[in-house]
2 protein chains.
Amino acid sequence: MSDVAREAGVSPMTVSRAFKSDAYVNDETRKAILLAADRLGYVMDSMASGLSSRKTGFVAVTIPSINNANFADTVRGLTEGLQEKGLQVLLGYTNYNQEEEERLVRQLLTRRPEAIVVTGGTHTGKCRTMLENAGIPVIETWDIPADPIDSIVGFSNAEASAKIVGHLVATGRTKIAFLGGDASRDTRGFDRRRGFVREMESRGLDATRLVEAGPPPISMREGADALARLMSRWPDTEAVVCVSDLAAFGAMTECQRRGLAVPGTIAIAGFGAYEISDICVPPITSIDPHCYQIGLLAARRIIDLLSDGPDSGTKSQTLVEPSLLVRASTLSERSS
Amino acid sequence: MSDVAREAGVSPMTVSRAFKSDAYVNDETRKAILLAADRLGYVMDSMASGLSSRKTGFVAVTIPSINNANFADTVRGLTEGLQEKGLQVLLGYTNYNQEEEERLVRQLLTRRPEAIVVTGGTHTGKCRTMLENAGIPVIETWDIPADPIDSIVGFSNAEASAKIVGHLVATGRTKIAFLGGDASRDTRGFDRRRGFVREMESRGLDATRLVEAGPPPISMREGADALARLMSRWPDTEAVVCVSDLAAFGAMTECQRRGLAVPGTIAIAGFGAYEISDICVPPITSIDPHCYQIGLLAARRIIDLLSDGPDSGTKSQTLVEPSLLVRASTLSERSS
DNA sequence: CCAATAAATGATATCGATAACAACAATGCG
DNA sequence: CGCATTGTTGTTATCGATATCATTTATTGG
């Protein structure tokens, strides 16, 4: 930076100001400085800048898996929502593992982010402590934890399942199964299963048709395998609610292979509004949790918290209402 | 850090050393320091550390889209490959846009990464200049640029197409179309199309059945629409090579809707070895570019370059051989 | 025309760590 | 026993920027 200052015939301080948009600098001076910087191929060192100003421009974000269209959409919303304020997302993924999350959060905090976004509501004790003591806004997304750390931008996974059950019952199905929902690692999937069980029971229906599909991420293949197990155990099942669209699609391909008509013999519903659920034949009923919107709202909340200053005392809750997308895979009445 | 030093009764320098694994510190002293740090909830400031040691621990990575399983796998390979050396991926996406890439690269370079990984071979002039002058290893992936900046870890998209053409011809098809491949933005998709044309021509076959599917990312829906256009223009088409598995699956659903048998009436091939191509009915012939492997090899190359020092003069090329996955969608002979 | 204000720039200390060197104790070896 | 070696810790300067305060030069209104 002092090289640039010399080249432009000003002090380093003026160069520093020329790179901030808001500061007092003469337009011509700034122009000259930017030109000099360009000649020298100078790019500012954000790390040093951050050290001095105590603003790193980072927002840390953890997601369970990078290879998941839903979380990717949320990250997209975050990235784009934070861009206007010059904030950059620092991304890490946990592999659906809380110990890994703890390690990751520790690593991310060493970068002194100005806020941190985590997915889900369950963390290791140490992880929670770190988040509480970090002294920055913490946003929990994709869930509504019973005991939030700070702010929430999420939705009720349980209620989403309830919505689907309601729809299936309305179309005349009562022998309904749930596919997926691992208790140990996938808390959101487990919430969906819990919501399913609760809703079924509250309607006086049998809520014991539960098939595991292994730990997340649930692949299409695992969805197919799980459907096979489901049908061999409960052959008279009329509908199956899947923990995700990927499992649902896998399950549907298994139906095709077995010659089970969808939705004639069995109805299938998924979760996540993945593109595949819309385009496959027949299209699969799903829940759109509005992933991109979640990211955008989280970004907005962060910007608010960072500008308002110590308003952060209030633990805000921003709830997003998932939408039920009724499609052909559950639409028609039962034919048999 | 000086708080921790006081708490542990040592100098700040010793605390600094205690956090590095390689340094000379008495085991008991280190234990005491780590304990003190834990009591005070101290986490090291990597930014300050980086400023001083001139090692930020960042590796910048740009990908066209975050919502793409192939690129996500490469990022996974990079992340995991770099983890052992304590290097952290700093991710950004370009939306398949070179101006956006330039902006992103500039932003990423302000973070002083120790290396940078970019996808593809075409950049704006300024972007290329920045990369060349950054003074750090630059890895270009997913492609084999004619005029590499530094190191390459990639494969030939054109040859991958040629492989598919060879397979289709071997199964008796000659009226083959290519779906997708936008010249303006998706250089890799365009390379695949170019490879298709070249291979068809070299076999003396008609290489004019080309259908655009719009700018990337190509959705399943766009694949379906493109197939509709293809069949209305060239109804006698016997096989279609798609720019990606997503387009291929979309195209296949359109066949289902139109009652066209796959592979009986028309064979379909994709690219990318997405899970869907393996599980759909029928499974779709595809190319596995070994995305995770690309990431891992890039990580390894970076680690080599960073440790060897000024060996970086040699512009290495690490080539990965894509695998053809023959599946039912192209397998059987033509039935009509 | 002058005091008051605003605009533009500079000087200095500092952010939180580490590099580099110095200092000293313990150990080994001829 | 003395000197070289290794292990362990401390001191000082510094990385590249910015906060803060000081200073200088327009600008404005009474």
Side-chain angles (χ1 to χ4, degrees), chain A residues 1-34 36-37 40-58 86 88 106-114 134-136 309, chain B residues 1-34 36-37 40-58 86 88 106-114 134-136 309:
Chain A
M1 178 176 267
S2 28
D3 292 346
V4 177
R6 205 173 313 115
E7 175 86 6
V10 295
S11 78
M13 191 63 236
T14 306
V15 176
S16 168
R17 276 192 275 252
F19 277 95
K20 313 257 128 196
S21 45
D22 56 331
Y24 277 149
V25 189
N26 187 299
D27 274 353
E28 303 203 359
T29 315
R30 167 172 284 142
K31 220 170 289 173
I33 291 173
L34 295 183
L40 271 58
Y42 167 82
V43 285
M44 156 95 107
D45 187 331
S46 304
M47 316 295 279
S49 163
L51 179 60
S52 188
S53 65
R54 242 145 308 181
K55 291 190 173 202
T56 56
F58 275 135
Q88 184 170 21
R106 188 188 313 280
Q107 187 184 1
L108 290 175
L109 287 181
T110 68
R111 302 293 183 175
R112 297 293 184 267
E114 299 183 38
I136 53 175
Chain B
M1 178 176 265
S2 28
D3 292 346
V4 177
R6 205 173 313 117
E7 174 86 7
V10 295
S11 77
M13 190 65 232
T14 307
V15 176
S16 169
R17 276 192 275 252
F19 277 95
K20 315 255 127 198
S21 44
D22 56 330
Y24 277 146
V25 189
N26 188 302
D27 274 354
E28 302 204 0
T29 315
R30 168 171 283 142
K31 218 169 291 171
I33 290 173
L34 294 183
L40 270 59
Y42 166 82
V43 288
M44 156 95 106
D45 187 331
S46 303
M47 314 296 279
S49 163
L51 179 60
S52 185
S53 65
R54 239 144 312 180
K55 292 189 173 203
T56 55
F58 276 134
Q88 184 170 21
R106 188 189 312 281
Q107 186 185 4
L108 290 174
L109 287 180
T110 68
R111 302 293 181 175
R112 296 293 184 271
E114 300 183 38
I136 53 175

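Per chain, numbering begins at 1; letters A, B, ... match sequence-line order.
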(message) Taking donor-acceptor contacts at under 3.5 Å, does the side chain of A:Ser52 reach the base of D:dA17?
(response) yes

(request) Please work out if A:Val15 contacts a base, only the sugar-phosphate, or nothing of the nucleic acid, heavy-atom cut-off 4.0 Å. (result) nothing

(request) Send over the distance from B:Met44 CE to C:dC15 C1', rounded to a whole Å. (result) 16 Å

Atom pairs under 3.5 Å: protein N/O with N/O of nucleotides 4-8 of chain C:
unit_1, atom_1, unit_2, atom_2, d
C:dA7, OP2, A:Tyr24, OH, 2.7

(request) On DNA chain D, check which nucleotide each of A:Arg17 and A:Met1 is closest to and give me the residue with the more 5' one. (result) A:Met1

(message) Is any side-chain heavy atom of A:Val15 closer than 4.5 Å to one of A:Ser11?
(response) no

(message) Any heavy-atom pair between the side chains of B:Leu108 and A:Gln88 that's under 4.5 Å?
(response) yes

(request) Under the side chain to side chain contact (heavy atoms under 4.5 Å, CB included) rule, what do A:Val43 and B:Arg106 come out as? Steps first, then yes or no, please. (result) CA-CA 7 Å; A:Val43 285; B:Arg106 188 189 312 281; 4.3 Å; yes

(request) Please report, rounded to the nearest Å, how far the C1' atom of C:dG10 is from the CD1 atom of A:Ile33. (result) 12 Å

(request) Look at the side-chain N and O atoms of B:Thr14 and state whether any lies under 4.0 Å from the OP1 or OP2 oxygen of D:dG10. (result) yes

(request) Using a 4.5 Å cut-off on heavy atoms from C-beta on, say whether the side chain of A:Phe58 contacts that of B:Arg111. (result) yes

(message) What is the distance, to the nearest angstrom, from the CG atom on B:Asp3 to the C1' atom on C:dA17?
(response) 14 Å

(message) Nearest whole Å is fine: how far is C:dG16 P from A:Lys55 NZ?
(response) 15 Å

(request) Check the distance between C:dA17's C1' and B:Arg54's CZ and give it to me in whole angstrom. (result) 12 Å

(request) Check every atom of D:dT9, C:dA17, D:dG16 against the side chain of A:Asp45 and return the nucleotide holding the closest atom. (result) D:dG16

(request) Measure the distance from CZ on A:Arg111 to P on C:dG16 and round it to the nearest whole Å. (result) 17 Å

(message) Output the rounded distance in Å from NZ (B:Lys31) to P (D:dT8).
(response) 13 Å

(request) Check whether any side-chain heavy atom of A:Met44 lies under 4.5 Å from a side-chain heavy atom of A:Tyr42, and answer yes or no. (result) yes

(message) Quick check for you: to the nearest 0.5 Å, what is the distance between A:Leu109 atom CG and B:Asp45 atom CG?
(response) 11.0 Å

(message) What's the closest nucleotide to the side chain of B:Met13 if the choices are D:dC15, C:dA20, D:dA17?
(response) C:dA20

(message) Among C:dA17, D:dT11, D:dA17, which nucleotide has an atom closest to any side-chain atom of B:Ser11?
(response) D:dT11

(message) Using side-chain heavy atoms (C-beta onward) and a distance below 4.5 Å, is A:Ser49 in contact with A:Lys20?
(response) yes

(message) Using a heavy-atom cut-off of 4.0 Å across all strands, would you classify B:Tyr42 as base, sugar-phosphate, or nothing?
(response) sugar-phosphate

(request) Determine the contact category for A:Met47: base if any of its heavy atoms lies under 4.0 Å from a base atom, sugar-phosphate if only primed atoms, P, OP1 or OP2 are that close, otherwise nothing. (result) nothing

